[in-house]
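Below, all heavy atoms of this structure are taken into account, side chains as well, without hydrogens, waters or symmetry copies.
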Amino acid sequence: MSALQPAPTTPEVCDFTVFGGSGDLALRKLLPALYLRDREGHLPADTRIIGVTRTDLDDDGYRALVADALGRHVDAARLDDASVARTLARVHHVRLDVLEDDDWHHLHGLLKDRARHDDAVRVFYLAVAPGLFGPICERLDQIDAADANARVVMEKPVGQDLASARAVNDAVGSVFEESQIFRIDHYLGKESVQNLLVTRFANTFLEPLWNSRWVDHVQITVAEALGVGERGGYYDHSGALRDMVQNHLLQLLCLVAMEPPTYIDAETVRDEKLKVLQALRPMAPADVDRDTVRGRYTAGLVDGAPAPSYAEELGHDDSSTETFVALRAEVQNWRWAGVPFYLRTGKRMDRRASEIVVVFKEPPHVMFPHSEGATTPNRLHIQVQPDEGMRLHLTAKEPGPGGYRLRPVSLDLSYATAFDQASPDAYERLLMDVMKGNPTLFMRRDEVEAAWTWIEPILTRWATAPDRPKRYAAGTSGPTAAATLIERDGRIWQESDQ
């Protein structure tokens, strides 16, 4: 057992460098997150934000780009002139083609051109294609920027399959120690996801029920109302299984199914998540055919407005890429033997929602034979987004004389109303954890590769199977085959309003 590590602390000096600094992720998520933490006084006072792009901008030009992004992606109530000016004063720009050797001296010079540069924590955020992770790290090493104070953040997906994931990990790992590598999954930074750990391990009433004796099944849903939009080129080489299941959904499954660690610490939590991934029942080709569904959206209506098909957004109809996945998984260990985990995710669905539903078994004996209404299985409904919270569904007696009238009720916990403060965005929390050097909410190399090991047989079977993704209209809950997948086990998908 590892010793309890001291609590991570915020450094005094930090250079936060974003490769891909003019891309969608940087402008929509990363820079707004840094601004909001700066507004709250959480960034080190001596912090610089360096955007690395191939665009021909000077510092002022890049600051104008960042200011525009803040205006578009930060709530107006949280924008104030003094905070914006303070953040923009931290911003610098380096024009650099990462595959060329000529311009790296500009970044080297900027990193060294500061007081206390030997003490600075340097964060390098790789908001670029995974194929560039290795070359960037090699050049950071060549300019002497990959020292013990450096940290590198890798966006998902890490590779396209197990072999490419190992190649990326080898390339980055040849420069940085594992303790310096932060593989980010922004779902793990969401308040409700972290609260799942607290709910499970800081409250004793759930633990005796959290096993195959009392849990009937678990559902994990990540539904998006948006389509692929301008990401069609990337998405068509990825698909929902790589883009969402291999990372987001499997990480949520791990947090539901993991054993209690000795304490909540970076390595103990990740050790337990790894055990879950290693316990997933492997899928043979026949299992893939029976227990997975892939779909692709056609034209339809989303929120009453016409929505184009995937083929229309992509510009052609010869793709076999899936935009929807539903599957049935099992965790083969003592706690969860026989309990199915149903996962589904899709684009252009009827709602935007990410949720975990733990469905408990029905009472073993009917004690109210002459009652009106019926008992329903208890459910713990954890809402990850958009409205973070938790609901416990129970059966209660409706008030009044004349016998038992049973009806379902729920105990609700809404973070928006229970706590007198707004939940920070996931990236706000995770970027601060990187600065502090706290890897608890980031994926370790063995986790990533264990997830690919389980996913790869599905990819292989789909690549050779004669059938194409099932069609579903935009604005619906997915193909009918997804409903059949769970209904053949005598269960139904639980929706937010049920």
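Under a cut-off of 6.0 angstrom, the local environment of CG in Asp303 is sparse, with at most 12 non-hydrogen atoms contributed by other residues, nucleotides or ligands. Atom CZ of Arg445 has more than 12 neighbouring heavy atoms from other residues, nucleotides or ligands inside a 6.0 Å radius. The number of heavy-atom neighbours closer than 6.0 Å to CZ of Arg290, taken from other residues, nucleotides and ligands shown, is above 12.
Considering all non-hydrogen atoms of both residues, Leu107 and Val52 come closest at CD1-CG2, 4.4 Å. What you find for Arg270 and Pro439 is that their closest heavy atoms are NH1-O, 3.4 Å. Closest approach of Trp214 to Pro208, counting heavy atoms only: CD1-O, 3.4 Å. Considering all non-hydrogen atoms of both residues, Val158 and Trp452 come closest at O-NE1, 3.0 Å. The two residues Ile184 and Tyr427 come nearest to each other via the heavy atoms CD1-CE2, 3.8 Å. Nearest heavy-atom pair across Gln494 and Arg379 is OE1-NH1, 3.1 Å.
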Worked check of side-chain contact (heavy atoms from CB on, under 4.5 Å) between Val123 and Thr17 = CA-CA 6 Å; Val123 176; Thr17 301; over 6 Å; no
ask   = What do the steps show when you test Leu431 against Leu34 for side-chain contact (heavy atoms from CB on, under 4.5 Å), and what is the final call?
value = CA-CA 8 Å; Leu431 297 187; Leu34 290 171; 3.9 Å; yes
request  = Would you check, one step at a time, whether the test salt bridge (Lys or Arg N to Asp or Glu O under 4.0 Å) holds for Asp425 with Lys29?
outcome  = CA-CA 9 Å; Asp425 178 78; Lys29 289 292 186 181; 3.6 Å; yes
Working for side-chain contact (heavy atoms from CB on, under 4.5 Å), residues Asp467 and Arg294 = CA-CA 10 Å; Asp467 61 317; Arg294 52 179 171 159; 4.0 Å; yes
message = Set out, in order, the CA-CA distance, both residues' side-chain angles and the distance that settles salt bridge (Lys or Arg N to Asp or Glu O under 4.0 Å) for Arg461 and Asp287, then state yes or no.
response = CA-CA 10 Å; Arg461 177 56 181 165; Asp287 300 318; over 6 Å; no
query = Checking salt bridge (Lys or Arg N to Asp or Glu O under 4.0 Å) for the pair Arg37/Glu428: CA distance, chi angles, key distance, verdict?
reply = CA-CA 6 Å; Arg37 289 303 90 203; Glu428 295 178 53; 2.8 Å; yes
query = So Ile455 and Thr453, side-chain contact (heavy atoms from CB on, under 4.5 Å) or not? Walk me through it.
reply = CA-CA 6 Å; Ile455 288 290; Thr453 298; over 6 Å; no
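Put simply, the side chain of Trp104 reaches to within 4.5 Å of the side chain of Ile136, judged on heavy atoms. By the 4.5 Å heavy-atom criterion applied to side chains, Thr221 and Arg351 are counted as neighbours. In this structure the side chain of Val288 reaches within 4.5 angstrom of the side chain of Trp462, judged on heavy atoms. Proximity of Ile356 to Leu252: side-chain heavy atoms (C-beta onward) are separated by under 4.5 Å at one or more points. Contact of the Phe182 side chain with the Met443 side chain is not registered, since no non-hydrogen atoms from C-beta on lie closer than 4.5 Å. Within the 4.5 Å cutoff, the side chain of Lys470 has no heavy atoms near those of the Arg296 side chain. Within the 4.5 Å cutoff, side-chain heavy atoms of Thr199 are placed close to those of Leu206. Two residues are said to be in side-chain contact when any heavy atoms from C-beta on lie closer than 4.5 Å; Glu388 and Val193 fail this criterion.
At distances below 3.5 Å, at least one donor-acceptor pair connects side-chain atoms of Arg200 with backbone N or O atoms of Met258. Side-chain N or O atoms of Glu313 include one that pairs as donor or acceptor with a backbone N or O of Val228 at under 3.5 Å. The closest donor-acceptor contact from the side chain of Gln194 to the backbone of Gly189 lies under 3.5 Å. The backbone N or O of Arg281 lies less than 3.5 Å from a partner atom in the side chain of Trp454, making a donor-acceptor pair. With Asp141 contributing its side chain and Cys137 its backbone, the two residues share no donor-acceptor pair below 3.5 Å. A distance-only check finds a donor-acceptor pair linking the side chain of Asn247 to the backbone of Arg242 [under 3.5 Å]. Proximity of a side-chain donor or acceptor of Asp161 to a complementary backbone N or O of Ser164 within less than 3.5 Å is detected. Glu312 contributes a side-chain N or O that, together with a main-chain N or O of Ser309, makes up a donor-acceptor pair within less than 3.5 Å. Under a 3.5 Å cut-off, the side chain of Glu322 and the backbone N or O of Leu241 do form a donor-acceptor pair. A donor-acceptor pair is defined here as one N or O able to donate and one able to accept, closer than 3.5 Å; no such pair exists between the side chain of Arg444 and the backbone of Ser179.
Of the N and O atoms on the side chains of Thr476 and Asp350, not one donor lies less than 3.5 Å from an acceptor on the other residue. For Tyr310 and Arg348, the side-chain atoms include no donor-acceptor pair closer than 3.5 Å. No side-chain donor from either of Ser212 and Trp334 sits under 3.5 Å from a side-chain acceptor of the other. Between Ser354 and Gln385, the side chains place a donor N or O and an acceptor N or O closer than 3.5 Å (distance only, hydrogens not considered).
Taking CG of Asp185 as the start and CG of Leu430 as the end, the distance is 8.5 Å to the nearest 0.5 Å. For the atom pair Leu274 CG and Asp446 CG, the distance stands at 4.5 Å (nearest 0.5 Å).
Contact check on Glu447 versus Lys273 returns a salt bridge, with a Lys/Arg side-chain nitrogen under 4.0 Å from an Asp/Glu carboxylate oxygen. A salt bridge links Arg122 with Asp147; the closest basic N to acidic carboxylate O contact falls under 4.0 Å. Salt-bridge formation is not detected for the pair Asp433/Lys436: no Lys NZ or Arg NE/NH1/NH2 atom is positioned less than 4.0 Å from an Asp or Glu carboxylate oxygen. With respect to Asp291 and Arg488, a salt bridge is recorded, a charged nitrogen being found less than 4.0 Å from a carboxylate O.
Aromatic ring centres of Phe324 and Tyr297 lie farther apart than the 6.0 Å criterion allows. For Tyr342 and His217, the distance between ring centers is under 6.0 angstrom.
Note on ring orientation: taking the six-membered ring where Trp is involved, the planes of His186 and His248 are perpendicular (angle over 60°, cut-offs 30° and 60°). Below 30°, between 30° and 60°, or above 60°: for Trp336 and Trp210 the angle between ring planes is above 60°, a perpendicular geometry.
Just one residue in the list Glu178, Glu449, Glu155 forms a salt bridge (charged side-chain N to carboxylate O under 4.0 Å, His left out) with Arg183, and that residue is Glu178. When the options Val215, Asn211, Val276 are evaluated for a side-chain contact (heavy atoms from CB on, under 4.5 Å) with Arg335, the one that passes is Asn211.
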